[in-house]
Structures are given as C-alpha cells and as structure tokens.
Asks: 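Structure incoming, see below.
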Protein chains: 2
Amino acid sequence: MATIHQVAKQAGVSVATVSRVLNGQNSVTAKTRIKVEDAIKKLNYEPSLLGRNLRNSESRLLLVLIPNISNPFYSEIINGIENTAIELDYNILLCETDTNAERENIYFDLVRKKMADGIISMDPAVNTDTLIRLAENHAIIQCSEYAVDSGIPYVTIDNAEAAYRAVKYLIKIGHQQIALINSDKKYLYARQRQLGYQKALEESNMELEDSLIVHTQGLDFSYGQQAMKKIFMQKERPTAVFAVSDMLAIGALKEIHNQGLKVPEDIAIIGFDKIAFSNMTHPTLTTISQPMYEMGEAAADMLVKKIQGEEVESLILDHELVIRESTLG
Amino acid sequence: MATIHQVAKQAGVSVATVSRVLNGQNSVTAKTRIKVEDAIKKLNYEPSLLGRNLRNSESRLLLVLIPNISNPFYSEIINGIENTAIELDYNILLCETDTNAERENIYFDLVRKKMADGIISMDPAVNTDTLIRLAENHAIIQCSEYAVDSGIPYVTIDNAEAAYRAVKYLIKIGHQQIALINSDKKYLYARQRQLGYQKALEESNMELEDSLIVHTQGLDFSYGQQAMKKIFMQKERPTAVFAVSDMLAIGALKEIHNQGLKVPEDIAIIGFDKIAFSNMTHPTLTTISQPMYEMGEAAADMLVKKIQGEEVESLILDHELVIRESTLG
DNA sequence: ATGAAAGCGCTAACAT
DNA sequence: ATGTTAGCGCTTTCAT
C-alpha cells in the first residue's frame with residue numbers, strides 16, 4: 001500500500017504536487033501531471049480516505065436511521081437516498097434501530113464522533129428530545145415521520161389529507177361502516193391519519209365508533225391479521241377497512257380470506273404506501289401512493305445542503321389515491 | 001468540539017493519559033482517571049473516530065454489496081449482518097449495485113481507499129475477476145452466491161439439493177408436468193437449482209421439456225408474471241411450477257389467478273426463500289426456507305475474522321422444504 | 001504511573 | 001508551477 005510520499009518520491013515531485021494532481025487542480029503542468037500519474041500507476045497507489053477525511057474533518061458518510069429494513073416502504077426511500085448520495089459523493093451508513101433506544105444511541109454516537117456527517121431519521125419511534133439536542137451541533141433531516149416545531153427540517157406527505165381522501169372515497173362508493181386499522185397513537189403519522197379518517201366520517205355525519213378503530217403494536221403483516229381478527233369479534237361487521245399501511249392491509253386481507261369472506265364484495269379494503277407487493281395480492285390493493293423514491297432523494301439533497309451550511313426548507317410532497325380491485329364493485 | 005488536547009489541558013495531564021483513560025487501560029491511577037473523566041464531561045468531549053481510525057489504519061466499516069435492497073431476501077440477511085457487526089463494534093456501509101459494474105466499482109474503491117475494512121458480497125452479478133483480484137489485498141466474503149474455486153470464503157446453502165427436494169416432492173404428490181421458472185443461467189445458483197430440478201425429473205424417468213423451462217431477466221414479481229404468461233402459451237399446461245424465488249413464484253401466482261385458474265387445484269406452485277410475504281399470499285406458498293438471518297450472522301463473523309487475519313472456512317447451511325397451501329390437495 | 005514526541009496520510013497556506 | 005511545512009486528532013513507543 002503506497003502512500004502519497006512514495007508517489008511523490010517516485011515521481012520526483014513534492015507531496016503537495018501529488019495532492020494537486022489527485023484533486024484535479026489545474027495549477028500543474030501537463031508534464032508534471034504525467035509524471036505523477038505514471039508514478040501512481042506504477043505504485044498502484046490509492047489515496048487513503050482515512051487521511052483525507054481527518055484532514056478535511058469530514059467522513060462523507062450519511063447515517064440513515066430506519067426502524068426495520070424488512071419494511072419495503074423504507075427500501076424504496078433508501079433507494080432514493082443512496083442514488084442521490086452517490087451523486088454527491090457521499091455514502092450511506094444504514095442503521096436499523098429496531099425501535100430500540102440503546103441501539104439508536106450507538107448510531108447517534110457515530111455522528112457525535114464524526115464518523116458520519118449527518119443523519120436522515122426515518123424512525124417514528126426516535127427519541128425526539130435527543131434528536132433535537134443533537135440537531136444543535138449536527139445536520140439532521142427527518143423523513144416521513146417528523147417532530148412538529150422542532151426546527152429539524154423534514155420531508156413528508158400530508159397524512160391527514162391522504163387518509164381523508166381514502167375514507168371519503170369509501171364513503172362515496174357507499175360504505176357506512178368503515179373500520180380503521182391504525183398503528184400506535186404515539187406516532188404522529190398515526191394521529192394525523194386518524195384525524196383524516198375522523199374528518200371524513202364527520203363530514204358525512206357518520207358516527208365514530210371506537211369499536212371499529214384498532215391500534216396495532218407493530219407494522220408486520222401479522223399485526224394486520226390480528227387487528228382484523230379483533231374487528232371480526234365485534235357485533236357488527238364493517239363493510240370496509242382502511243389500514244394505515246399496506247403491510248397491515250395485506251395482513252387484514254389474509255384474515256378476511258381465512259374467514260371465507262370476499263374482497264371487495266363482503267369487505268372493501270384500502271392500504272397506504274403503495275409498496276410493490278400491494279399490486280400482487282389477490283385482489284390487488286387500493287392504496288395511497290407515497291412518492292417514496294422522491295422522498296429519499298429530497299432528504300439526501302437537503303441533508304447534504306445542511307451539512308454544507310445552507311438553510312433548508314421542509315417539504316410536503318404529493319400523494320395519490322390508487323384505486324385497484326380491493327375497493328371495486 | 002473539544003479535542004483530546006483540550007481535555008488533557010483541562011485535566012492537567014498529558015494527551016497520552018487521556019488516551020489511556022479513553023481506551024480503558026488500567027495503568028492509570030483512580031485519581032487521575034477521575035480528573036480526566038471530569039474534564040471529558042465538562043468539555044462535552046467526544047473522541048473523533050477520524051483521528052483514531054487514521055492512527056489505527058482501520059475504518060471499522062463493513063461494505064455490504066447487494067443487487068437490490070427492495071428484495072426481502074436480502075433484508076433478512078442484512079439484519080443478521082448488522083446485528084453481528086454491532087456486536088463486534090463494526091458498522092455497515094450498505095451498497096446497492098443494481099447489477100451495474102460502474103456502481104460496483106465505486107464501492108470497491110471504498111475498500112481500496114481504506115474507507116471500508118472488508119466486503120460481504122451478495123451480488124450474483126458481481127464481476128468475479130475483479131472480486132478475486134481485490135481479495136488478494138482485502139478481506140472479502142461471499143454470501144449466498146459465490147465463485148467456485150476462487151479462494152474467497154462463502155456462506156450459502158446446497159442449492160441443487162434444495163431444488164431437487166422441491167421437485168421430488170411435486171413428483172411424489174403426483175405431478176408429471178412440472179415447469180421451472182428460473183433466473184438467468186449466468187448465475188451459479190440458477191444453474192445449481194436447475195441441476196436439482198433435472199435430477200429429480202430424471203430419477204423419475206420424466207422427460208425434460210425445454211418448453212417448460214423459462215429464464216427471467218430479473219427477480220421482480222413482474223418477471224414471474226411474464227414467465228407464467230410464457231408457460232401458458234405452450235400447447236400443454238403444466239400441473240405444477242417450481243420457481244427459484246418467492247418473488248417470481250408470487251408473480252406467477254398472480255398470473256395463474258388472472259387466467260381464472262386455481263392454485264393448487266389446477267396448478268401447484270413452489271417458491272424459494274421463504275420471505276415473509278410468502279405466508280400472506282392466497283393460497284400460502286410452499287417454499288424452500290433459507291436461513292437468511294443466520295447466513296448474515298455467519299458472513300459478518302467470517303469477515304471480521306478475516307479482517308483480523310484469521311483463516312476462515314466456507315459454510316453450507318441447512319435449508320428446509322416448507323409445505324403450505326400452494327401444493328396441497 | 002505518566003509524559004514527550006513521533007507519526008498515521010492527507011491538504012492547504014505560505015513561500016519561492 | 002512547485003516545494004516546504006504545519007497540522008487534522010488520535011495511539012503508542014520510549015523515557016522517566
């Protein structure tokens with residue numbers, strides 16, 4: 001492993017000149033440049049990022065915090081983040097918190113200790129206080145879930161409006177008993193989507209029945225299935241279900257099938273996110289499309305700007321109701 | 001941002017002593033230790049990993065190479081890798097190649113330039129020559145897909161045997177016309193699984209019909225769906241389908257439904273991987289279970305050992321045939 | 001037990 | 001256009 005010194009010696013120039021060639025500065029004669037390039041080739045030299053990063057006080061690493069990599073919703077966002085990061089000559093450090101504060105802290109240490117230049121947090125369960133304190137000295141962006149009035153820039157969608165539209169649509173096609181499968185109320189998006197659900201019901205003078213609202217402990221399929229079981233235990237069966245994520249909706253769909261019922265004939269169902277799977281279920285799932293890839297792109301862009309000291313504005317991107325088979329008929 | 005010098009000054013000791021306290025060396029008096037710890041607290045000092053890493057010539061980062069983060073098969077493996085890495089005080093740099101050589105090279109540069117201490121490659125499309133050359137100077141482990149006789153340690157399963165068992169089972173329950181939805185033959189696992197398929201047919205004196213073997217260009221649902229369409233265009237319809245991944249199987253299932261046929265009554269179907277979603281389809285999918293989490297753990301363990309200069313042996317883990325509804329009846 | 005000092009590999013300010 | 005040199009923040013050898 002050659003160092004810049006050996007290259008300098010081999011080329012018969014100073015390390016400064018080698019550095020200049022390395023960084024594409026134009027104050028180097030073509031002749032010298034060639035000499036240096038030859039030496040680099042001959043020695044098979046690769047500049048060490050450890051040295052460069054220490055000198056530049058940067059790591060060019062972005063920390064991406066997600067609760068769970070197995071959730072396809074995050075995969076798509078990460079896609080967007082990574083492509084943008086590469087474009088800007090950054091790389092991403094993927095960190096799964098499993099909604100575990102201790103784990104989270106290990107990752108936060110990475111930025112405290114300068115091993116990461118900034119954070120994109122997508123963990124709804126993140127400790128907001130810690131995050132805000134961290135944001136005083138470090139570049140942080142929130143993606144999807146965010147802390148209101150924290151001063152931390154975020155990129156998200158209008159959750160209340162999206163849920164409102166979904167439920168409004170169910171009402172429009174004739175549903176009067178609409179269940180809600182929501183995640184834990186401690187999450188902002190869960191509260192926002194519930195607000196949209198309630199607003200739609202109220203506007204149509206439909207009663208809000210607590211027995212039709214189920215909160216889950218997690219976002220895996222299994223939680224959706226459990227939630228649907230719970231709904232089936234009520235005296236009156238709803239004619240439609242709105243789930244706040246496709247994963248939950250797909251679990252619910254499974255349970256509806258298990259009960260020998262048909263979607264959408266017996267029960268209609270709407271999900272949220274438009275993950276790839278949602279088009280492979282039978283029937284295909286009506287859902288709210290979130291621009292996941294774009295959210296990732298935007299978050300990465302914003303974070304790098306923030307790292308470079310620019311001010312950045314929060315972003316609310318558009319969503320869309322995608323009507324498919326699970327609400328047809 | 002305090003440095004070790006400021007801490008030393010504040011505590012009235014030398015930087016060496018601070019470093020000793022930081023690294024838990026016991027050659028420090030309790031009294032001095034307290035002084036240093038107080039100074040650290042007072043100055044809110046966090047040791048810079050940039051400095052430490054340069055000094056130690058390591059990054060404590062593991063590069064994880066995957067073709068596509070959206071494939072749940074990889075998510076589970078990454079889970080195992082990350083948990084093990086954290087345990088060993090490493091972090092992971094997640095890199096999606098999109099089966100793109102240029103992109104791949106950007107990531108390889110990260111280890112060439114010392115920003116990563118080693119690589120776990122899960123990309124079946126990785127350039128084997130490049131990888132082997134890189135392995136001369138760097139720690140590399142392959143996971144799932146591997147290069148035969150390359151000298152690069154790997155962790156995988158017995159693909160031929162797994163496919164053999166799946167097809168054997170289909171034959172046992174009475175199927176005589178079994179289609180194979182395979183991915184591109186350029187991948188080792190694809191060739192191995194096809195070998196298992198062929199062996200099972202041969203053992204039962206069943207003819208190998210080229211028209212029943214379809215190769216896909218990718219692993220998304222859509223490719224499985226397309227493949228199934230192709231199979232339906234043949235004169236005789238198979239009574240069973242073996243797909244080399246759950247994603248493909250789920251796409252095929254979709255197309256079978258679209259044709260108005262029933263699974264398993266009209267066509268049985270077996271997938272591969274046992275991704276979470278394979279239990280949410282209707283009917284649930286019979287599949288080969290790969291120990292994905294364990295593969296990730298093993299790969300990370302092996303890589304860190306390799307980084308530390310130990311010799312490591314390749315590993316072939318157990319698989320299992322999981323019989324569910326899609327082959328019942 | 002503690003300190004002084006060298007050096008990991010690089011960049012950039014300053015000098016020529 | 002090129003070289004000299006300081007220094008980024010840390011660890012560790014060698015003295016004491």
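In what follows, every chain begins at residue 1, and chains take the letters A, B, ... in the order their sequences are listed.
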Asks: When the axes are fitted on five pairs at both termini, how much does the helix from dA1(C)-dT16(D) to dT16(C)-dA1(D) curve, in 10° steps?
Replies: 40°
Asks: Between Asp129(A), Thr130(A), Asp123(A), which is the residue that forms a side chain to side chain donor-acceptor pair (under 3.5 Å) with Asn127(A)?
Replies: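 Answer after filtering Asp129(A), Thr130(A), Asp123(A): Thr130(A).
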Asks: Please give, in whole Å, the distance from dT2(D) C1' to Lys9(A) NZ?
Replies: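 From Lys9(A) NZ to dT2(D) C1': 20 Å.
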Asks: Output the rounded distance in Å from CG (Leu49(B)) to P (dG9(D)).
Replies: 13 Å
Asks: Nearest heavy atom decides the nucleotide; on that basis, is Ala16(A) or Thr29(A) closer to the 5' end of DNA chain D?
Replies: Thr29(A)
Asks: Which two nucleotides bound the region of DNA chain C that has atoms under 4.0 Å from heavy atoms of chain B, read 5' to 3'?
Replies: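 Footprint of chain B along DNA chain C, 5' to 3': dA1(C) to dG9(C).
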Asks: Give Val15(A) one of three labels, base, sugar-phosphate or nothing, depending on what nucleic acid heavy atoms sit under 4.0 Å from its own.
Replies: base
Asks: Send over the distance from Leu43(B) CG to dG9(D) C1', rounded to a whole Å.
Replies: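 It works out to 15 Å between those atoms.
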Asks: Under 4.0 Å, counting only non-hydrogen atoms across every strand here, what does Asn53(A) touch: a base, just sugar-phosphate, or nothing?
Replies: nothing
Asks: Look at the side chain of Arg55(A) against the base of dG9(D) and say whether a donor-acceptor pair falls under 3.5 Å; ignore hydrogens and angles.
Replies: no
Asks: Give the rounded distance in Å between these two atoms: CZ of Arg60(B) and P of dC10(D).
Replies: 17 Å
Asks: Mind running salt bridge (charged side-chain N to carboxylate O under 4.0 Å, His left out) on Asp38(B) and Lys35(B) for me, showing each step along the way?
Replies: CA-CA 5 Å; Asp38(B) 286 349; Lys35(B) 276 198 300 186; over 6 Å; no
Asks: Would you indicate, yes or no, if dG3(D) has its OP1 or OP2 atom less than 4.0 angstrom from a side-chain nitrogen or oxygen of Thr17(A)?
Replies: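 So the side chain of Thr17(A) is within the cut-off, an N or O lying under 4.0 Å from OP1 or OP2 of dG3(D).
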Asks: Atom CG of Asn26(A) and atom C1' of dA1(D): how far apart are they, to the nearest Å?
Replies: 11 Å
Asks: Taking NE2 from His5(B) and C1' from dA6(D), how many angstroms apart are they, rounded to a whole number?
Replies: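 Interatomic distance, NE2 of His5(B) to C1' of dA6(D): 13 Å.
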Asks: Could you give me the CA-CA distance, side-chain angles and deciding distance for Leu61(A) and Leu93(B), then say whether side chain to side chain contact (heavy atoms under 4.5 Å, CB included) is met?
Replies: CA-CA 9 Å; Leu61(A) 256 29; Leu93(B) 222 37; 4.1 Å; yes
Asks: For Ser48(A), which contact category applies under a 4.0 Å heavy-atom criterion: base, sugar-phosphate, or nothing?
Replies: sugar-phosphate
Asks: Between Arg20(A) and Thr3(A), which is nearer to the 5' end of DNA chain C once each is assigned its nearest nucleotide?
Replies: Thr3(A)
Asks: Would you mind reading off the distance between Ile34(A) atom CD1 and dA1(D) atom P, rounded to a whole angstrom?
Replies: 16 Å
Asks: To the side chain of Ser27(A), which of dC10(D), dA1(D), dT4(D) is closest?
Replies: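 Ranking dC10(D), dA1(D), dT4(D) by closest atom to the Ser27(A) side chain puts dA1(D) first.
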Asks: At 4.0 Å (heavy atoms only), tell me whether Leu54(A) reaches a base, stays on the sugar-phosphate, or touches nothing.
Replies: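 Base, at least one base atom sits under 4.0 Å.
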